[in-house]
Amino acid sequence: SLFISMVQLLAADNVIVIGLIGDSTVAEQSGWGPAFASRFNKSVKVLNFAKNGATAPSLFKRLDVLLEQKPDYVFVQFGHNDQKRFKPNEYRDNLKVYIDKIKKAKAIPVMISSVTRRSFDDNGKIVSLLLKSEKYSYKANLTVYAETVKSLAKKLKLDFIDLHALSIAHHNKVGPAVSMSYNFKAGDTTHFNEKGAQAIAAIVIEEVKSILPEVALYIN
């Protein structure tokens, strides 16, 4: 009918733009971002501005470039590298810069806690290790950074995806053998191959369905 074709025409024109910004666990090469983008129909455009090795402050300028593209939503996920350089309160202050810039650009921030590293204890359960490193002094374990984002999002009443808790639950459920089949390369328990990326993207997509129903309409 004419009505349906008008609706389709409007829908085709009505592109939702989602920006992603974060570290390598979101980025094109070894993150969940591309798998996430693949889950939407052509009414949604996903711009992936995540970068390997990024901390929140290292991408302040990159965020400005992303915001020039006029995204409707910006999904923000840092922590893995921030943990190596910044105390949790410094991390929180850096995330506030993102929130302020995104809101000023009339976009909606969606805060995401860090996807877990896939370190298992002897009982086959995920453990948030405080990594030891010559190069960096880790300030706290990753869970502390996840809790920092969570409390900030709650305080500012922002959309929030607790990917840290959800990914821990997922890996505890599937177990170490399946979890290791997600590795980007042998022994890499941080980054994702295609299978791992799809598994994590599926978790994010499920959360989008509940917190952003207007975006969920366009999921394939």
Side-chain angles (χ1 to χ4, degrees), residues 6-28 31-51 54-79 81-82 86 89-115 145-146 148-164 166 200-201 203-220:
M6 283 296 289
V7 169
Q8 285 168 338
L9 193 66
L10 284 168
D13 196 39
N14 181 23
V15 174
I16 292 177
V17 180
I18 298 174
L20 304 179
I21 196 157
D23 55 36
S24 56
T25 62
V26 185
E28 290 288 334
W32 55 261
F36 172 80
S38 74
R39 296 294 304 272
F40 292 97
N41 68 27
K42 62 179 187 292
S43 293
V44 172
K45 188 174 170 191
V46 177
L47 305 172
N48 194 341
F49 274 62
K51 190 169 189 276
T55 60
S58 75
L59 298 194
F60 284 158
K61 287 195 170 70
R62 201 173 173 100
L63 174 65
D64 294 336
V65 178
L66 168 56
L67 293 173
E68 284 167 12
Q69 314 291 312
K70 305 228 181 315
D72 299 288
Y73 301 88
V74 180
F75 288 40
V76 180
Q77 186 214 286
F78 289 98
N81 302 306
D82 303 82
F86 303 106
N89 62 326
E90 295 171 316
Y91 173 58
R92 184 193 62 225
D93 292 344
N94 288 330
L95 290 178
K96 276 186 182 160
V97 175
Y98 277 77
I99 293 160
D100 292 343
K101 282 178 180 262
I102 293 165
K103 284 181 164 178
K104 194 177 174 194
K106 303 280 191 287
I108 296 169
V110 178
M111 306 308 290
I112 304 179
S113 59
S114 295
V115 67
Y145 290 79
T148 301
V149 192
K150 186 177 184 174
S151 63
L152 180 62
K154 189 176 178 183
K155 183 182 167 195
L156 300 177
K157 298 184 170 59
L158 301 175
D159 290 313
F160 172 64
I161 296 174
D162 198 351
L163 188 56
H164 189 70
L166 292 164
I200 301 304
I203 296 171
V204 179
I205 288 286
E206 280 309 304
E207 292 303 292
V208 166
K209 287 177 183 174
S210 62
I211 65 172
L212 302 172
E214 67 282 10
V215 177
L217 295 169
Y218 303 106
I219 294 169
N220 282 329

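Heavy atoms only: backbone and side chains are in, while hydrogens, waters and symmetry mates are out.
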So, for [X] and [Y], which heavy atoms are closest and what is the spacing to 0.1 Å?
{"X": "Arg62", "Y": "Phe49", "answer": "NE-O, 2.7 Å"}
{"X": "Gly22", "Y": "Leu59", "answer": "O-CD1, 3.5 Å"}
{"X": "Val46", "Y": "Ala37", "answer": "CB-CB, 3.7 Å"}
{"X": "Leu66", "Y": "Gly19", "answer": "CD1-CA, 3.9 Å"}
{"X": "Ser38", "Y": "Asn220", "answer": "O-ND2, 3.7 Å"}
{"X": "Val26", "Y": "Ala50", "answer": "CB-CB, 3.7 Å"}

State which residues pass side chain to side chain donor-acceptor pair (under 3.5 Å) with [X]; sequence neighbours excluded, sorted by chain then number.
{"X": "Asn81", "answer": "Lys84"}
{"X": "Glu214", "answer": "Tyr73"}
{"X": "Asp23", "answer": "Thr25"}

| task | Kindly write out the residues that satisfy salt bridge (charged side-chain N to carboxylate O under 4.0 Å, His left out) with Lys209, not counting sequence neighbours, or none if the list is empty. | result | Glu206
Among all residues two or more places apart in sequence or in another chain, which pass the side chain to side chain contact (heavy atoms under 4.5 Å, CB included) test with [X]?
{"X": "Ser151", "value": "none"}
{"X": "Asp72", "value": "Ile16, Val17"}
{"X": "Ser24", "value": "Ser30, Asn52, His191"}
{"X": "Asn89", "value": "Lys87, Arg92"}

Output the distance between atom [atom1] ([X]) and atom [atom2] ([Y]), rounded to the nearest 0.5 Å.
{"X": "Leu166", "Y": "Ile112", "atom1": "CG", "atom2": "CD1", "answer": "10.5 Å"}
{"X": "Lys150", "Y": "His164", "atom1": "NZ", "atom2": "NE2", "answer": "10.5 Å"}
{"X": "Ile21", "Y": "Leu63", "atom1": "CD1", "atom2": "CG", "answer": "5.0 Å"}
{"X": "Asn94", "Y": "Ile99", "atom1": "CG", "atom2": "CD1", "answer": "11.0 Å"}
{"X": "Asp159", "Y": "Met111", "atom1": "CG", "atom2": "CE", "answer": "11.0 Å"}
{"X": "Leu95", "Y": "Thr148", "atom1": "CG", "atom2": "OG1", "answer": "8.5 Å"}

| field | Phe78 and Val149, any side-chain heavy atoms less than 4.5 Å apart | value |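 They are not in side-chain contact.
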| Partners of Phe75 by ring-ring contact (aromatic ring centres under 6.0 Å, His included), sequence neighbours excluded? | Phe36
| said: Can you pull out every side chain to side chain donor-acceptor pair (under 3.5 Å) where at least one residue sits in residues 95-115? Sequence neighbours excluded, please. | reply: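 Matches after skipping sequence neighbours: Asp64-Lys101, Ser113-Asp162.
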| task | Evaluate the criterion side chain to side chain contact (heavy atoms under 4.5 Å, CB included) for residue pair Ile203 and Trp32; output intermediate values, then yes/no. | result | CA-CA 10 Å; Ile203 296 171; Trp32 55 261; over 6 Å; no
| Do Asp82 side-chain atoms and Gly79 backbone N/O form a donor-acceptor pair below 3.5 Å? | yes
